[in-house]
Amino acid sequence: MSQNLLLIEDDLILGESLVQRFELEGLKVIWLRRLAEAQLQIDVPWGAIVCDVRLPDGLATDWYAQLPTPIRLLPWFFLTGYGSVNDAVGALQAGAREYLTKPFDTEKLVSAVMDAVSAHLPPSSTVLGISPAMRRVEELVHKLARQKTSVLLSGESGVGKEVVAQMIHKLDARSKKGAFVAVNCAAVPESMMEAEFFGYEKGAFTGSQRAHKGFVERADGGTLFLDEVGDLPASMQAKLLRVLQERCFFRLGSERTTHSDFRIIAATNRDLYADMLAGKFREDLFYRLAVIRIEISPLRDRPEDIRWLTELILQQITAEQGTPIAMSEVFLRDVMARSWRGNVRELRAYLEHAVVMSDGGVLDQPLVSSGQPPAVDSLLTSTTPATLAPLHAVVEDAERGHIRKALNQCAGSVGKTADVLGISRKTLWEKMKRLEISA
């Protein structure tokens, strides 16, 4: 996305101050003072738009509501006086990023705008995520790639254990000589496990019409990735341990020893240590596999990655389909508020579903899927004309309920809740104080 910023503000002193401040951040700022002027330049690919609500030639929020959807999907920030808060809230419901009440904290506005612009710039060299937890994992992966150490990856289904394993393999200079061989241990029938792991010679058993290389042999010079390693039967655990110790094995039907030099990376969504203590997994094999243990946190515990992954996945879908995909703040806030029990795998499936169901590649409203209902509560309740509440009371009630729900989901952590809601910690504290919400 462009690093051009459109500023629409009729106050000469405030406008000049904001132009200077944003230019210090490296943005190219176009400053306009009237809606009529903005209408002529609104089609420029802006990185973000900062706009006063009340301008000499009309309400910016009314103008915003009539703009084409792709333009409304840009990051909009409204500046408003106390008397026009309701207008700004309406714009927020329609998809604007945020509104600030005058007088506002300039640094807060600058930080929010820069976050919005940088979120749409081409992704950095980060592969696994931008959260502190995933940055630590990525740092460790770079260290491990220089060693031939066995690694045990643990975490819930769908968190990206195979992605981490593939990254270790790709960064290992020695692995260029061999392949990345992924095995789902839970999917291999126990009766065929030895043949699939170690291979067989022609005629070794009924139906073996030709010689076959097993997983271990195909991984020679590369990486053997054992997914769901906790599902290996006891007999196979013993055979695998010997291969790891001696780096050699026999194909079925062969008397000749076959050697294979490979790195092993195992993964599990179970507590393999507890299984070992309970006698369900061999202790000697556990310590062979778990020289280095990496725990990958579930997606709900690293909300910073949800926005990053959403942007990344939509870029991938765009590249595959060749059609640009726009996403509204309403849609993104719903994505950020969901629990994602299936982690990254569920997020990807949801986004692919949303793209298929979208109108012209525009993700405007949350979807009702078979797995989860929309997470963002409606900000307007359906009441009869006789019992209509004042707009500010409706907005406050909706905001209070949504913040409480987010706090509950984040176990009372204000920092995590602010990230989930897409606002700063300071803003959240102010809202909690105003709405009488305790953490």
Side-chain angles (χ1 to χ4, degrees), residues 1-2 4-11 15 30-102 104 109 112-113 116 120 324-336 354 358-367 374 376-383 385 388-399 402 421-423:
M1 178 173 282
S2 167
N4 294 333
L5 173 70
L6 176 61
L7 173 63
I8 311 171
E9 173 59 66
D10 63 318
D11 186 311
I30 302 299
W31 177 23
L32 305 175
R33 299 169 180 79
R34 300 288 188 276
L35 293 177
E37 298 172 352
Q39 182 66 45
L40 298 176
Q41 299 198 48
I42 196 63
D43 292 330
V44 172
W46 302 107
I49 299 171
V50 178
C51 184
D52 194 359
V53 170
R54 294 188 180 275
L55 292 161
D57 53 347
L59 277 176
T61 47
D62 290 345
W63 172 63
Y64 168 83
Q66 298 171 7
L67 291 172
T69 299
I71 295 175
R72 287 191 288 107
L73 296 183
L74 295 171
W76 282 75
F77 298 84
F78 283 102
L79 311 178
T80 175
Y82 178 78
S84 55
V85 168
N86 287 344
D87 297 317
V89 170
L92 199 66
Q93 293 171 341
R97 176 68 60 94
E98 194 170 344
Y99 74 88
L100 291 87
T101 305
K102 297 179 181 179
F104 56 85
L109 172 63
V113 170
H120 292 82
I325 299 169
M327 175 175 56
S328 73
E329 277 299 309
V330 172
F331 181 87
L332 182 58
R333 284 197 293 266
D334 176 74
V335 169
M336 293 287 291
S358 66
D359 184 11
V362 176
L363 308 182
D364 196 12
Q365 295 296 327
L367 294 182
V376 174
D377 294 330
S378 172
L379 296 179
L380 294 176
T381 56
S382 57
T383 56
L388 280 174
L391 180 59
H392 71 87
V394 175
V395 172
E396 283 191 355
D397 284 345
E399 201 169 17
H402 194 58
L421 295 176
I423 60 179

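Along the sequence shown, residues are numbered consecutively beginning with 1. The figures here come from the full heavy-atom set of this structure, side chains too, leaving out hydrogens, waters and symmetry mates. Keep in mind that this is a model prediction, so the values were computed, not measured.
A pairwise comparison of heavy atoms in Gly15 and Leu7 identifies O-CD2, 3.7 Å as the closest pair. Annotation for Ala60 and Phe78: closest pair CB-CE2, 4.0 Å, computed over non-hydrogen atoms. Closest approach of Ala65 to Arg72, counting heavy atoms only: O-NE, 4.1 Å. When all heavy atoms of Val113 and Ala48 are compared, the pair lying nearest together is CG1-CB, 4.1 Å. Nearest heavy atom pair, residue Pro56 against residue Arg33, reads CD-O, 3.9 Å. The nearest pair of heavy atoms linking Ala38 to Ile8 is CB-CD1, 3.6 Å.
Ile49 CD1 to Ile42 CD1: the interatomic distance, rounded to the nearest 0.5 Å, is 4.0 Å. Residue Arg333 holds its CZ atom at 8.0 Å from NE2 of His402, rounded to the nearest 0.5 Å. Separating the CG atom in Asp52 from the CG atom in Leu100 is a distance of 11.5 Å, to the nearest 0.5 Å. Separation of atoms OH (Tyr99) and OG1 (Thr61) is listed at 12.5 Å; rounding is to 0.5 Å. Rounded to the nearest 0.5 angstrom, Trp46 CH2 and Asn4 CG are separated by 6.0 Å. Put simply, CG on Leu74 and CG on Leu67 are 9.5 Å apart, with the number rounded to the nearest 0.5 Å.
Shown here are the side-chain contact (heavy atoms from CB on, under 4.5 Å) partners of Asp57, two or more places apart in sequence or in another chain: Arg34, Leu35, Ala36, Leu55. A search for side-chain contact (heavy atoms from CB on, under 4.5 Å) contacts involving Ser328 returns Leu73, Val330, Phe331, Asp364, not counting sequence neighbours.
Of the possible donor and acceptor atoms, none in the side chain of Gln41 sits under 3.5 Å from a partner among the backbone N and O of Glu37. For the pair Tyr64 (side chain) and Trp76 (backbone), a donor-acceptor distance under 3.5 Å is absent.
Side-chain contact between Leu59 and Arg54 is present, with heavy atoms from C-beta onward closer than 4.5 Å.
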